[in-house]
Number of protein chains: 2
Amino acid sequence: MKNTTLVTMTTSDSVPSRRQTWQKDAVLHALGTSQGFVSAQQLHRQLTQHGSAIGLATVYRTLNSLVADGLADSLVGREGESLFRDCSKDHHHHLICNGCGVAVEIEAKQAEAWASKVAKDHGFTDVSHTIDIFGLCKQCTK
Amino acid sequence: MKNTTLVTMTTSDSVPSRRQTWQKDAVLHALGTSQGFVSAQQLHRQLTQHGSAIGLATVYRTLNSLVADGLADSLVGREGESLFRDCSKDHHHHLICNGCGVAVEIEAKQAEAWASKVAKDHGFTDVSHTIDIFGLCKQCTK
DNA sequence: GTCTTATTGATATCCATTATCAGTAAGGCT
DNA sequence: AGCCTTACTGATAATGGATATCAATAAGAC
Ligand SMILES: [Mn+2]
Ligand SMILES: [Mn+2]
Ligand SMILES: [Zn+2]
Ligand SMILES: [Zn+2]
């Protein structure tokens, strides 16, 4: 005889529903208060110092999902670590100061167009790009 | 009595003279035979399999100095590892296939100009940039 | 050949990030 | 309010690329 079990399911292949936690809020908020790009470790340190007993793993997880959802941008810093920033949803690029970390959001229409044209000319598909400008801001130049 | 030792030095603060070793040749050669960008680990595996008893640390060291000397290019791959390629000395950029790793050298005059203008307009100095295009080449698209 | 020291390589170490997994709590349901 | 499923959390272990050590080796100048 078959062992039939009653299972309640909303849809056949449902995407697990997200749950709201104070941890997610904390990360998103801390990210919002940051001036430029910050690392997961920096954020965790900041949160901890402000009394929030959040786990490091959670900070990483939250940041990654924020990026996946397009609510944050990430890029690879000078030492290879991932840096994050609260960003608007549309695609754009950054001008980043090596000194203080401040990031200026920039339009890259020209570069975008150039990149996609080059790729297309070479028969490439599924194209993406990495365009970031680094330097020293006016303040840090002094 | 002072223990005086005779020391022969070419210049007061001389840059240590480079010595040629079969290891350096091996790395440079292996790099030359690679089609696209390769990681240090990949190169070391390849060298080892071909009978060369070279150390991993040496591969890393050699690749880094090649980059420092402008004889190789490096970029950060999808998983954050450093990738290397034997390249010409002048500054240029790449169109890289996510499938097979093949890299096409591209002119980026437009993008270069755009980048430096944007940086200058914002008062940035000591400017550098990261411009890479990723996608699937014609072959890998099939 | 002799000497200095740049270079090597096995190994230990670092460090950012991810995997584990048992415990917790969000939130749908009754 | 109480229940129940399971998404989520976090202390910790594990991973993996890259670098630091340091004794042994070998360029290459003399
Ligand atoms: Mn942004
Ligand atoms: Mn190149
Ligand atoms: Zn600055
Ligand atoms: Zn390809």
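Computed from a predicted model, the values in this text were never measured in an experiment. Each chain gets a letter, A, B and so on, in the order its sequence line appears, and its residues count up from 1.
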Pairs under 3.5 Å (N/O, protein and nucleotides 25-29 of chain D):
unit_1: D:dA27; atom_1: N3; unit_2: B:Arg19; atom_2: NH1; d: 3.1
unit_1: D:dG28; atom_1: OP1; unit_2: B:Gln20; atom_2: N; d: 2.8

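Put simply, CG on A:Leu43 is 12 Å from P on C:dT17, counting in whole angstrom units. Rounded to whole Å, the distance from CG on A:Asp25 to C1' on D:dT9 is 15 Å. The CG-P distance, from A:Leu63 to D:dG10, rounds to 13 Å in whole Å. The distance from atom CZ of A:Arg45 to atom P of C:dT17 is 12 Å, rounded to the nearest whole Å. Put simply, CD on A:Gln23 is 17 Å from P on D:dA7, counting in whole angstrom units. Taking atom NE2 on A:His44 and atom P on C:dC15, their separation rounds to 17 Å, with Å as the unit.
Taking all atoms of both residues into account, the shortest heavy-atom contact from A:Trp114 to B:Gln110 is CD1-CB, 4.0 Å. Smallest separation of non-hydrogen atoms from B:Cys140 and B:Cys97: SG-SG, 3.7 Å. Closest non-hydrogen pair, A:Ala72 versus A:Leu31, comes out as CB-CD2, 4.0 Å. The two residues B:Ala40 and B:Val59 come nearest to each other via the heavy atoms O-CG1, 3.7 Å. When all heavy atoms are compared, the tightest approach of A:His92 to A:Cys87 is NE2-SG, 3.7 Å. Pairing each heavy atom of B:Ala30 with each of B:Leu43, the nearest pair is CB-CD2, 3.6 Å.
In this structure, A:Ile133 CD1 and A:His93 NE2 are separated by 9.5 Å, a value rounded to the nearest 0.5 Å. A distance of 5.0 Å separates CZ of B:Phe37 from CD1 of B:Ile96, quoted to the nearest 0.5 Å.
B:Ser52 places no side-chain N or O within donor-acceptor distance of the main-chain N or O of B:Thr48, the cut-off being under 3.5 Å. Side chain of B:His44 to backbone of B:Ile54: a donor-acceptor contact under 3.5 angstrom is found.
Linking Ile, Leu, Val, Met, Phe, Trp and Tyr residues whenever their side-chain heavy atoms come within less than 4.5 Å places A:Leu63 and A:Leu28 in a single cluster.
Two end axes, each from the C1' atoms of five base pairs, can be drawn for the helix from C:dG1-D:dC30 to C:dT30-D:dA1; they diverge by 30°, to 10 degrees.
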task: Summarise protein proximity over nucleotides 12-24 of chain D in one line of letters, 5' to 3': B for base, S for sugar-phosphate only, - for none, counting protein heavy atoms closer than 4.0 Å.
output: -----SBB-----
